[in-house]
Amino acid sequence: MKVRYMGSTSFLELTNRRIYEVMSIERGWYRIVDDSHDDYLYPPDEFVVVEKNDGSTPVSDSSNIFPYDENR
């Protein structure tokens, strides 16, 4: 899956209108290797999808990450 960043350019983070590869989608946010060459989670509302997920980008559901435990 590929997305185009539509926010303001921020040095060593993200560049406006640059296309980034989404490594995974976690709790609805995109994990992207940014301009610092590190991967971080970013909110999807700052991006436009330019290449849809063909199933090769892993998607995790928050209910699987933080299961509810009523005994806690």
Could you state the interatomic distance from OG (Ser56) to CD (Glu21), rounded to the nearest 0.5 Å? 7.0 Å
Could you check if a side-chain atom of Asp39 sits within less than 4.5 angstrom of a side-chain atom of Ile32, using non-hydrogen atoms only? no
Which atom names give the shortest non-hydrogen contact between Arg18 and Asp35, and what distance separates them? NH1-OD1, 2.7 Å
I need the Glu13 CD to Phe11 CZ distance, nearest 0.5 Å. 10.5 Å
Using modelled atom types only, decide if a donor and an acceptor are shared between the side chain of Thr57 and the backbone of Met1 within a distance under 3.5 Å. yes
Check whether Arg4 reaches the backbone of Val48 with its side chain - one donor and one acceptor, N or O, closer than 3.5 Å. no
Please step through ring pair (Phe, Tyr, Trp, His ring centres under 6.0 Å) for the pair Tyr5 and Phe47, ending with a clear verdict. CA-CA 5 Å; Tyr5 178 62; Phe47 299 87; 5.4 Å; yes
Would you mind telling me which of Val3, Val22, Leu14 makes a side chain to side chain contact (heavy atoms under 4.5 Å, CB included) with Tyr42? Leu14
Answer whether the closest heavy-atom distance between the side chains of Ile25 and Tyr30 falls below 4.5 Å. yes
Which heavy atom of Ile19 sits nearest a heavy atom of Lys2, and at what distance? CG2-CB, 3.9 Å
Got Leu41 and Glu26 here, is their nearest side-chain heavy-atom distance under 4.5 Å? yes
Please determine, by modelled atom types, if Asn16 and Ser8 share a side-chain donor-acceptor pair under 3.5 angstrom. no
Do Trp29 and Val33 sit in the same hydrophobic cluster, where Ile, Leu, Val, Met, Phe, Trp and Tyr count as joined when their side-chain heavy atoms come under 4.5 Å apart? no
